[in-house]
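Worksheet: one structure, shown below.
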Amino acid sequence: MPPALKSPLMNLKAQLKAAVENAAFQLGAPLDVAIQETPPNKPGDYGTPAAFQLAKLLGQNPAQVAAQLAQTVVLPAGIARAVAAGPFLNFFVDAGAFVRAVVSDPATPEQGSGKVVIEHTSVNPNKELHVGHVRNVVLGDSMGRIFRAAGHEVEIQNYIDDTGRQAAESLYAQAHYRRKWDGKQKYDHFMGEGYVRLNADPDKPELESGIRAVIHRLETGELRSEIEQIVKAHLETCFRLGARYDLLNWESDVVGSGFLSQAMNILENSSYTARPLEGKFAGALVMDVSAFMPGLEESKVVLMRSDGTAMYAAKDIGYQFWKFGLFEGMKFKPFTTDPEGRTVWTSAPDGQPDTERRFGHAAEVINVIDSRQEHPQKIVKASLGVAGSPGQEERSIHLSYAFVTFEGQTISGRKGIGVSADAVIDEAGQLVTELMHSLKPEVIGTSEGAEIVRRIAVGAIRFAMLKAEPTRQIDFRWDQALALQGDTAPYVQYAAVRAGNILKRAQAEGYAVDGSGADWGSITDLDLNLAKVVARFPEVVANSVRVHSPHVVAQYALDLASAFNGWYNAKNKEGRPATNVLASEPGLREARLALVGRLQRAFVQTLGLIGIEVPSAM
RNA sequence: GCACCCGUAGCUCAGUUGGAUAGAGUGUUGGCCUCCGAAGCCAAAGGUCAUAGGUUCGAGUCCUAUCGGGUGCACCA
């Protein structure tokens with residue numbers, strides 16, 4: 001028995017597929033057939049090009065085969081009739097039954113299994129986040145929400161490079177220039193100013209020994225609380241963007257927990273690694289990745305230098321191995337709480353061992369890192385193959401995105417080129433507030449108004465960063481990033497608010513919005529077409545998971561909103577509103593109210609997948 | 001030089017495992033608040049899907065080459 005979790009709508013397509021395959025088998029050829037929505041202006045609701053394949057196998061004319069299929073196919077419940085449209089075989093659904101099914105269907109995606117660890121953000125703790133980081137944060141956060149919705153256990157990790165040069169330079173600059181924090185400026189911005197000043201300082205080369213001393217002190221952990229203060233400021237920004245985390249992993253802890261040496265032990269047992277006694281790699285530990293990464297000029301990668309120190313890639317490999325549960329040994333403790341009061345954990349030398357195996361142990365690992373790190377990420381992935389774990393190599397995913405430029409320039413933290421994430425969020429809030437002054441002045445200044453502004457502003461930013469494929473290069477421009485009309489989150493939010501308003505008015509009038517009293521037989525094609533868009537939801541989630549990209553969901557949100565707006569404004573031949581819900585005949589009115597309620601839930605659900613909330617009013 | 005990503009309307013982008021007449025937004029022009037809110041809707045105009053071959057009944061989608069843009073190719077992090 002197919003599980004109840006599975007959507008009845010997914011079942012409809014699956015049943016059509018089975019029915020057509022059955023009919024094809026009877027006509028003499030087993031096939032794998034595709035079921036798709038028919039284009040507008042074509043007869044039917046769903047259709048299949050199966051007759052093309054079948055005709056080829058049978059040596060007949062596709063149009064004739066389609067006609068034979070239409071005769072032969074046994075229609076599943078909910079399908080009114082089948083017709084041959086030239087070489088295509090199309091199906092008409094029973095409109096009333098279909099809309100009713102959509103309305104009562106929670107549209108639960110198929111339940112995935114296996115824990116997914118997603119690493120994102122991982123911003124150097126030396127300076128505030130800029131717009132490029134925002135893309136990373138919202139990509140990773142949205143991916144987490146989507147996998148969770150698809151039934152996976154999800155753990156969001158944020159890697160803190162606390163022993164790196166960037167962090168050291170910021171700390172050094174603060175001391176060197178005797179900068180005093182006034183307690184009011186956001187701390188990461190304050191530290192970033194010192195960093196930029198240091199890198200513009202002509203005397204910097206002479207300060208090298210001092211910086212190296214700070215790096216050393218970072219490695220011993222004695223400056224950890226300084227870094228924690230910056231990390232907390234970073235989290236503030238990320239929380240504003242709606243991102244949430246389960247665990248912070250510190251580089252010093254990855255090394256301190258012995259992951260590096262354990263990973264190297266595993267790799268050294270492989271025939272792909274060697275310690276050459278002579279040649280240019282004499283004394284180093286090298287890994288031959290040519291079997292996993294064809295086409296390289298230099299197939300050997302140095303993991304441990306001949307002086308015994310680790311290359312960065314080696315630390316990354318150790319961390320990745322741990323994510324997959326190849327070894328244990330890290331200690332954890334609570335770090336802070338997120339806006340909902342949930343604990344964000346951190347690795348820590350003075351933490352508790354993870355006896356419950358609550359962190360790591362992933363079935364799949366997704367690293368959200370910009371495309372410039374493709375090469376090192378491939379090495380990390382290949383190392384799992386070297387370690388003899390081809391399955392984990394396969395499920396080691398680099399979610400690669402093109403870095404964001406700022407008005408055509410490469411963003412540079414060092415040179416201070418770019419815009420901070422905080423500034424973008426503030427500016428978006430300003431813009432939304434201005435618009436609200438003219439459209440909704442009564443809520444300005446109230447706590448509800450502030451929440452409305454926040455949801456719209458954050459929605460607009462997140463959506464702008466998500467709607468295109470991650471591989472697209474984005475040049476940040478204020479007018480595009482903060483647009484409130486067109487292909488934007490506010491457009492979708494507006495549709496959702498509208499749907500909500502219809503429901504409120506209906507309830508005030510005393511009408512049922514749960515489908516009771518509905519006359520499903522009076523449903524029109526306009527209503528059916530709207531319901532068909534809602535019905536796509538499970539496939540959208542599945543597709544997003546498959547391609548590892550939230551843009552699929554963002555595009556679907558636009559489809560939902562434009563379908564709803566088009567339906568809302570539809571006119572009949574006389575130019576009068578064709579779908580006015582409250583003015584519809586009793587029976588049809590209740591059916592449409594149930595449909596509007598379903599749309600409202602679809603908006604909340606879909607936007608929720610990409611971390612965008614529906615405001616109470618707009 | 002080698003590898004990877006991108007090339008679709010003036011601009012920014014979608015385009016399901018290859019299927020029906022390539023779709024949105026934006027900008028331009030023109031319409032729609034006596035009708036559940038106009039951050040909305042409708043219409044017009046705008047395309048050699050970079051170019052040339054190939055595979056296929058069928059290619060924006062797959063393969064090859066070329067051109068253009070981006071990125072990466074350290075005993076750096």
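First the proteins, then the strands, lettered A, B, ... as listed; each starts at 1. Just so it is clear, the values below take in all heavy atoms, side chains as well, and ignore hydrogens, waters and symmetry mates.
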A74(B) OP1/OP2 closer than 4.0 Å to side-chain N/O of R305(A): no
Provide the distance between the two C1' atoms, one in G10(B) and one in A45(B), to the nearest whole Å. 12 Å
Provide the distance between the two C1' atoms, one in U16(B) and one in U12(B), to the nearest whole Å. 22 Å
Please measure how far the C1' atom in G15(B) lies from the corresponding atom in C49(B), and state the result in whole Å. 11 Å
Between G60(B) and A24(B), how far apart are the C1' atoms? Round to whole Å, please. 16 Å
When you measure from the centre of the six-membered ring of Y511(A), is the NZ or CZ of R589(A) closer than 6.0 Å and no more than 45° off the axis? yes
In whole Å, measure the gap between the C1' atoms of A22(B) and U61(B) for me. 12 Å
Stacking check: are the rings of Y494(A) and G40(B) less than 5.5 Å apart at their centres and under 30 degrees in tilt? no
According to the Watson-Crick and G-U wobble definition with distances under 3.5 Å, which dot-bracket string, read 5' to 3', encodes RNA chain B, using [ ] for crossing pairs and | for pairs with another strand? (((((((..((((.....[...)))).(((((.......))))).....(((((..]....))))))))))))....
Nearest-angstrom distance, C1' atom, U66(B) to A20(B): 33 Å
For A14(B) versus G68(B), give the span between their C1' atoms, rounded off to a whole number of Å. 23 Å
Write down the distance separating the P atoms in A43(B) and U26(B), rounded off to the nearest Å. 14 Å
Would you indicate what A495(A) reaches in the nucleic acid, counting non-hydrogen atoms under 4.0 angstrom: base, sugar-phosphate, or nothing? nothing
Give one of base, sugar-phosphate or nothing for T579(A), where a contact means two heavy atoms less than 4.0 Å apart. base
So, Y491(A) and G40(B): ring centres less than 5.5 Å apart, planes less than 30° off, yes or no? no
